Number of protein chains: 2
Amino acid sequence: MPQRLTREESQAVTRGRLLEAGSEVFAEKGFYGASVEEIAERAGYTRGAFYSNFADKAELFLALIDQRTEQSIEEISAILRDASSPEAALEGIRRRDFSRPLDRSWFLLTTEFRLYALRNAKVRPKLVARERQVRQAFTRAATAQLSALGAPLPAPPEQLGLIVQALDDGLWMHRQLDPGAVPADLLVDVLELLLRAAVALADGG
Amino acid sequence: MPQRLTREESQAVTRGRLLEAGSEVFAEKGFYGASVEEIAERAGYTRGAFYSNFADKAELFLALIDQRTEQSIEEISAILRDASSPEAALEGIRRRDFSRPLDRSWFLLTTEFRLYALRNAKVRPKLVARERQVRQAFTRAATAQLSALGAPLPAPPEQLGLIVQALDDGLWMHRQLDPGAVPADLLVDVLELLLRAAVALADGG
DNA sequence: GTCTATATAAAGATAGAC
DNA sequence: GTCTATCTTTATATAGAC
């Protein structure tokens with residue numbers, strides 16, 4: 001038997017449901033196309049409940065951005081933290097990529113966030129800060145792998161992270177548009193190839 | 001002295017201006033955020049003129065997608081046809097996709113198209129066909145470069161093109177979000193590095 | 001072919017009941 | 001804290017004047 005919820009807990013549930021519904025509707029319709037009413041309805045409430053939890057539509061959208069990016073960073077960090085070897089880290093990324101491409105609405109939502117940020121000067125710095133954190137996570141992963149293999153860095157560290165990030169995002173998008181053209185774990189294959197190449201470069205030069 | 005326009009020509013001008021204005025407003029506000037009134041106004045007309053040229057907002061958007069995809073497929077084909085060397089082909093593609101003068105709004109519109117296509121089954125094949133053309137161009141350039149260097153292909157040819165395309169798109173996006181983090185010619189640097197790596201791999205393995 | 005005027009609908013947001 | 005009722009604004013789309 002579940003214990004009776006306090007008012008705070010009850011509101012947290014409402015807030016969570018609204019966030020979940022918001023991520024769905026934003027993914028389907030985009031920021032402008034999504035209406036507060038549809039979000040509230042899908043969460044099982046009315047607009048009144050929505051406005052007692054969020055100042056407006058943009059605030060819920062921003063809350064989703066935070067949630068979503070924190071999650072990404074945490075995933076990458078966890079993979080790095082738990083991996084006992086470079087191979088294990090790559091394997092962790094491979095698993096992550098396998099589970100992710102199925103999530104079409106996740107991609108739509110992410111892309112929608114980015115467009116929104118590009119169009120809103122107040123929001124952009126927040127998203128950029130998050131993207132940089134993700135980039136740093138990739139940078140740490142790349143440099144750790146290279147040094148574990150005893151290979152020198154073939155480029156400035158931040159650029160290595162950026163390259164992995166860009167490749168990850170680009171492959172993700174093309175996989176959404178044309179699934180047959182993009183094997184789910186192509187990113188990991190490329191990363192493995194790059195690592196081998198870095199070693200070969202170091203030996204050769 | 002320009003000759004007097006026929007009614008058809010005059011309407012074609014109106015239509016052209018509406019399309020141009022539409023591409024701007026869609027880039028700025030997205031599909032849902034763009035209003036028919038703003039598009040018409042920016043073109044120098046009223047909503048009345050809009051509705052005598054297009055059935056509704058979606059029709060203008062679809063016309064824009066048709067226009068742009070046809071145009072860009074033709075451009076890519078021309079680059080492939082005219083390029084005197086693989087290097088020239090790659091350079092042509094890179095210039096075209098990465099260094100547009102109206103980089104920002106072109107990126108926004110492109111992304112808006114992609115989102116729209118992902119949400120609309122009828123439009124998607126058109127865009128996918130265009131993406132495949134670009135990919136093919138990258139593939140040809142990559143394989144030609146590698147064979148010119150006497151290096152074996154480190155992956156299936158289509159995957160090489162896809163990797164370049166994804167990297168290009170990913171860097172393009174991150175450059176929009178965080179210009180200072182992405183040197184303008186990073187893509188070329190990376191491709192050069194990859195080529196050297198492929199040679200090193202061939203020698204080493 | 002384009003404009004002005006207007007009908008109709010939908011969305012954002014607030015106030016007050018419970 | 002959530003719902004119902006309501007105000008206000010904004011958008012789509014049409015009809016008729018010129």
Side-chain angles (χ1 to χ4, degrees), chain A residues 2-65 112 115-116 119-120 122-123, chain B residues 2-65 112 115-116 119-120:
Chain A
Q3 198 168 3
R4 182 107 188 283
L5 298 181
T6 66
R7 265 198 292 270
E8 284 79 14
E9 288 166 336
S10 161
Q11 186 164 19
V13 169
T14 301
R15 198 184 149 89
R17 284 185 183 150
L18 286 169
L19 283 165
E20 172 64 18
S23 74
E24 289 177 21
V25 180
F26 282 133
E28 286 168 22
K29 308 270 179 85
F31 177 73
Y32 290 99
S35 74
V36 170
E37 178 160 35
E38 185 170 357
I39 293 170
E41 240 172 36
R42 187 166 315 197
Y45 300 89
T46 60
R47 269 166 300 174
F50 178 95
Y51 282 107
S52 55
N53 280 278
F54 298 94
D56 54 21
K57 187 165 70 162
E59 195 182 284
L60 183 141
F61 198 62
L62 291 175
L64 280 172
I65 295 184
E112 203 65 45
L115 282 182
Y116 183 77
R119 289 167 178 147
N120 292 269
K122 285 195 69 173
V123 179
Chain B
Q3 199 170 0
R4 184 107 188 281
L5 298 180
T6 66
R7 266 197 292 270
E8 285 80 15
E9 286 166 337
S10 162
Q11 187 164 19
V13 169
T14 301
R15 198 184 149 89
R17 285 185 184 148
L18 287 168
L19 284 166
E20 173 61 20
S23 74
E24 289 175 24
V25 181
F26 282 130
E28 285 168 24
K29 308 272 179 83
F31 177 74
Y32 287 97
S35 75
V36 169
E37 177 160 35
E38 186 170 356
I39 294 170
E41 241 171 35
R42 184 163 320 195
Y45 300 89
T46 59
R47 271 167 299 173
F50 179 95
Y51 282 106
S52 55
N53 280 278
F54 298 94
D56 55 22
K57 187 165 72 162
E59 195 183 285
L60 183 143
F61 194 70
L62 292 176
L64 272 177
I65 292 182
E112 203 63 47
L115 282 180
Y116 190 81
R119 289 167 176 145
N120 292 270

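In what follows, chains are A, B, ... by sequence order, proteins preceding strands, each numbered from 1. Please read these numbers as outputs of a predicted model, since none were measured by experiment.
Exactly one residue among A/E38, A/E112, A/E37 makes a salt bridge (Lys or Arg N to Asp or Glu O under 4.0 Å) with A/K29. That residue is A/E38. Of the candidates B/F31, B/F26, B/Y32, B/F31 is the only one forming a ring pair (Phe, Tyr, Trp, His ring centres under 6.0 Å) with B/Y116.
In this structure, A/L60 CG and A/F50 CZ are separated by 5.0 Å, a value rounded to the nearest 0.5 Å. Put simply, OG on B/S10 and CZ on B/R15 are 13.5 Å apart, with the number rounded to the nearest 0.5 Å.
Contact check of residues 11-21 of chain A against DNA chain D (heavy atom, cut-off under 4.0 Å) returns A/Q11, A/T14. Proximity of residues 32-53 of chain A to DNA chain D (heavy atom under 4.0 angstrom from any strand atom) is restricted to A/Y45, A/T46, A/G48, A/A49, A/S52, A/N53.
For A/S52, the side-chain contact (heavy atoms from CB on, under 4.5 Å) criterion is met by no residue, not counting sequence neighbours. Taking A/E59 as the reference, A/F54, A/A55, A/D56 meet the side-chain contact (heavy atoms from CB on, under 4.5 Å) condition, with sequence neighbours excluded. With sequence neighbours excluded, no residue forms a side-chain contact (heavy atoms from CB on, under 4.5 Å) with B/T46. A search for side-chain contact (heavy atoms from CB on, under 4.5 Å) contacts involving A/A21 returns A/I39, A/R42, A/A43, not counting sequence neighbours.
Side-chain atoms of B/D56 lie closest to D/dA13 of the nucleotides D/dA13, D/dG1, C/dA13.
Atom-to-atom, NZ of B/K57 to P of D/dA11 comes out at 9 Å; the value is rounded to the nearest Å. Straight-line distance from the CD atom of A/E9 to the P atom of D/dG1: 13 Å, rounded to whole Å. When the P atom of C/dG12 is taken as reference, atom CZ of A/F54 falls 15 Å away, rounded to whole Å.
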